[in-house]
Amino acid sequence: MPGICEDRIVIVTGAGRGIGRAHALAFAREGASVVVNDLGVSREGGTGADDNPAQQVADEIQALGGNAVTNSDDVADWDGAARLVATAIETFGGLDVLVNNAGFVRDRMLFTTGEDEWDSVIRVHLKGHFAPTRHAAEYWRARSKQGDTVDARIINTSSGAGLMGSVGQSAYSAAKAGIAALTLVEATELGRYGITANAIAPAARTRMTEEVFGERMKAPAGGFDANDPSNVSPLVVWLGSAESRDVTGRVFEVEGGVMSVADGWQHGPKVDKGARWEPVEVGAVVHELVVKAPTPAPVYGA
């Protein structure tokens, strides 16, 4: 029986390990041809790229009878992102789905975060989502303007840290929040060309979470492993399929067997004076608004 992504062409960034690897294998099992992108760097994004993780995943897909090719370009490099998109088009004849997953962490409290650490994390997550998307969107828009039917998908990777904040992860939280907002803009701007954009905020066992959460992330001796990264992939595969064309501009949280739709910033209670406020008047109004507004979700680690 054909899978729900039969004949779809998919790029998964950061697909050499963890959640990205699970996505690549899941797409292949559902009939997609997969570009496995990975630089092979350390958890902290250290130098010394290694293409072995990507090749191992491609080999696994081919052993399953699927189609896969590797790419080791830096997704946050403008020309590298263009080459990544070109790899799919030149190898498989097109592109249908872009899964932006690559990233790393450099956890620090705000007052000990260095400028280089901030820049590196923002670069790999935020620019690493924008650059491949920009080149993929250009390709899809051109096809649409030529009269071709486009049924394309962008699936971004945010985080609970980006939705609620996380102590010790100011740069990571800021980047992941930016990705959630970027997803909303993509959905609005690109829908007319047959492109949807959604994001996930996953929780699973990866190199990032194993070090931060330790015992909590260990696999159980038996039963359901709620932290298995493969739990995240069914939602991503469905979002990459033709069945999801009416879903866009959403952020989904997924952990174990739980899926939910995140409810982001909304316009809240308001008071309109009809004229400029005086500073002395503001305090009472702010306290009134705060009382009426929903209690915000707590920051992780608070």
Side-chain angles (χ1 to χ4, degrees), residues 13-14 17-20 22-23 42-45 99-129 155-184 198-220 224-236 239 249-266 268 290 293-302:
T13 72
R17 300 182 179 93
I19 293 175
H23 292 344
S42 69
R43 172 185 176 272
E44 297 81 15
V99 181
N100 290 308
N101 168 78
F104 56 70
V105 293
R106 294 186 182 175
D107 293 343
R108 297 283 189 277
M109 297 299 281
L110 182 65
F111 44 77
T112 58
T113 300
E115 182 181 13
D116 61 333
E117 292 168 326
W118 176 274
D119 289 346
S120 295
V121 173
I122 296 296
R123 176 185 182 275
V124 72
H125 287 283
L126 198 48
K127 188 177 179 183
H129 272 60
I155 305 165
N156 293 328
T157 307
S158 184
S159 168
L163 305 180
M164 285 85 179
S166 179
V167 171
Q169 294 189 313
S170 57
Y172 181 76
S173 296
K176 290 301 191 182
I179 288 167
L182 178 63
T183 302
L184 305 184
N198 293 284
I200 61 165
R205 183 172 50 254
T206 68
R207 290 188 298 170
M208 297 184 198
T209 58
E210 280 180 319
E211 185 165 325
V212 175
F213 297 106
E215 287 293 322
R216 178 182 159 190
M217 281 293 153
K218 286 193 174 179
F224 177 56
D225 182 0
N227 295 316
D228 187 334
S230 299
N231 298 331
V232 178
S233 300
L235 170 60
V236 173
L239 288 172
R250 298 289 186 165
V251 179
F252 296 90
E253 294 186 89
V254 55
E255 178 178 7
V258 179
M259 289 191 295
S260 65
V261 180
D263 184 15
W265 291 104
Q266 303 284 339
V290 169
T295 301
V299 172
Y300 286 107

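Keep in mind that what you see is a predicted model, and the values were worked out from it rather than measured.
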For [X], side chain to side chain contact (heavy atoms under 4.5 Å, CB included) partners two or more places apart:
X      : value
Thr157 : Asn101, His129, Lys176, Ile200, Pro202
Arg250 : Asn198, Val247, Phe252, Val261
Ala161 : Ser159, Ser166, Gln169, Tyr172, Ser173
Val299 : Val167, Ala302

Problem set entry | From CD1 (Ile122) to OG (Ser170), nearest 0.5 Å | 8.5 Å
For this session: Nearest 0.5 Å please: distance from the OG1 atom of Thr183 over to the CG atom of Asn156.
Result: 4.0 Å
Problem set entry | Worked check of side chain to side chain contact (heavy atoms under 4.5 Å, CB included) between Ile179 and Leu126 | CA-CA 6 Å; Ile179 288 167; Leu126 198 48; 4.0 Å; yes
Where [X] and [Y] come nearest, the two heavy atoms and their spacing:
X      : Y      : value
Ser233 : His23  : OG-ND1, 2.8 Å
Ala180 : Val251 : CB-CG2, 4.4 Å
Gly160 : Ala201 : N-CB, 3.9 Å
Ala204 : Ile19  : CB-CD1, 4.1 Å

Applying side chain to side chain donor-acceptor pair (under 3.5 Å), name anything that partners [X], two or more places apart in sequence or on another chain.
X      : answer
Asn231 : none
Ser120 : Arg106
Asp228 : Ser230
Asp263 : Gln266

Exercise. Would Glu253 and Leu163 count as a side chain to side chain contact (heavy atoms under 4.5 Å, CB included) if you check the C-alpha gap in whole Å, the side-chain angles of each, and the deciding distance to 0.1 Å?
Worked result: CA-CA 10 Å; Glu253 294 186 89; Leu163 305 180; 4.1 Å; yes
Problem set entry | Polar side-chain atom of Thr13 near backbone of Ala102 as donor-acceptor pair, under 3.5 Å | yes
Exercise. With sequence neighbours excluded, what pairs up with Glu117 under the salt bridge (charged side-chain N to carboxylate O under 4.0 Å, His left out) test?
Worked result: Arg108
